[in-house]
Amino acid sequence: MHKCAIFLLLALSCQQIQAELTAADCRALGFIKAQLMCSSCEKLDDFGLDTIKPQCKQCCTLDQQPAAQRTYAKAILEVCTCKFRAYPQIQAFIQSGRPAKFPNLQIKYVRGLDPVVKLLDASGKVQETLSITKWNTDTVEEFFETHLAKDGAGKNSYSVVEDADGDDDEDYLRTNRI
């Protein structure tokens, strides 16, 4: 009988080791289950935290395809020229020769909009929209180098849409320039 009880306890503890912990259990351990990627658990050894690695593994979410490997057919950088004073790094990127490196990049001027990047698939559907308000010029360029497909569909340079609202107001850009 005693051996049976020990075996039962051992079997239950092994089952608990293999099971994932609930979000509440993970929070009690100091992990946020929804935000914890399993790749982060692998790095715990580097900091001498290998003792919490098993709990980390029970709370983590399997990593998706790394962001560096995701590429998009086209990108649209949307910004208002009236916001260039607030975002000089975006102005510097747009006015430099850097956008010419990306034939599948379109720059769209949209009145009143903080700078965003819309990433599109091959059919032209928006897959992701990212705020780039805190990015510097080099970060913007590196992002496009990493996430834009290399095939430029035969174009020689990027395109600029100066009047995204469809208005016929020719002075739109001139009045918003700084």
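Index from 1, following the sequence.
Annotation: the span from Q55 atom CD to C26 atom SG amounts to 9.5 Å, rounded to 0.5 Å. To the nearest 0.5 angstrom, L44 atom CG is 5.0 Å from I52 atom CD1.
The side-chain heavy atoms of V117 and L119, taken from C-beta on, include a pair separated by under 4.5 Å. Taking the side chain as every heavy atom from C-beta outward, E145 and F102 approach each other to under 4.5 Å.
A distance-only check finds no donor-acceptor pair linking the side chain of D50 to the backbone of D45 [under 3.5 Å]. Proximity of a side-chain donor or acceptor of T139 to a complementary backbone N or O of W135 within less than 3.5 Å is not detected. Proximity of a side-chain donor or acceptor of E141 to a complementary backbone N or O of P99 within less than 3.5 Å is not detected. Of the possible donor and acceptor atoms, none in the side chain of K57 sits under 3.5 Å from a partner among the backbone N and O of E42. Under the 3.5 Å distance criterion, the side-chain polar atoms of T137 are left unmatched by any main-chain donor or acceptor of A92.
Annotation for K83 and D114: closest pair NZ-OD1, 2.9 Å, computed over non-hydrogen atoms. Across G112 and C82, no two heavy atoms sit closer than the pair N-SG, 4.2 Å. The heavy-atom pair separating A73 from A149 by the smallest distance is CA-CB, 4.2 Å.
The sulfur atoms (SG) of C60 and C38 lie less than 2.5 Å from each other.
For K53, the NZ atom is densely surrounded, since the number of other residues' heavy atoms within 6.0 Å is greater than 12. For CD of E142, the number of neighbouring non-hydrogen atoms (other residues, nucleotides, ligands) closer than 6.0 Å is 12 at most.
In the hydrophobic cluster analysis, where Ile, Leu, Val, Met, Phe, Trp and Tyr join through side-chain heavy atoms closer than 4.5 angstrom, L113 is grouped apart from I76. V126 and V110 sit in two unconnected hydrophobic clusters of ILVMFWY residues. Membership requires side-chain heavy atoms under 4.5 Å apart, directly or through other members. Residue L120 is not grouped with residue F143 when hydrophobic side chains (ILVMFWY) are merged at heavy-atom distances under 4.5 angstrom, including chains of intermediate members.
Between H147 and Y72, the two ring planes are tilted [angle within 30° to 60°].
A salt bridge links K118 with E78; the closest basic N to acidic carboxylate O contact falls under 4.0 Å.
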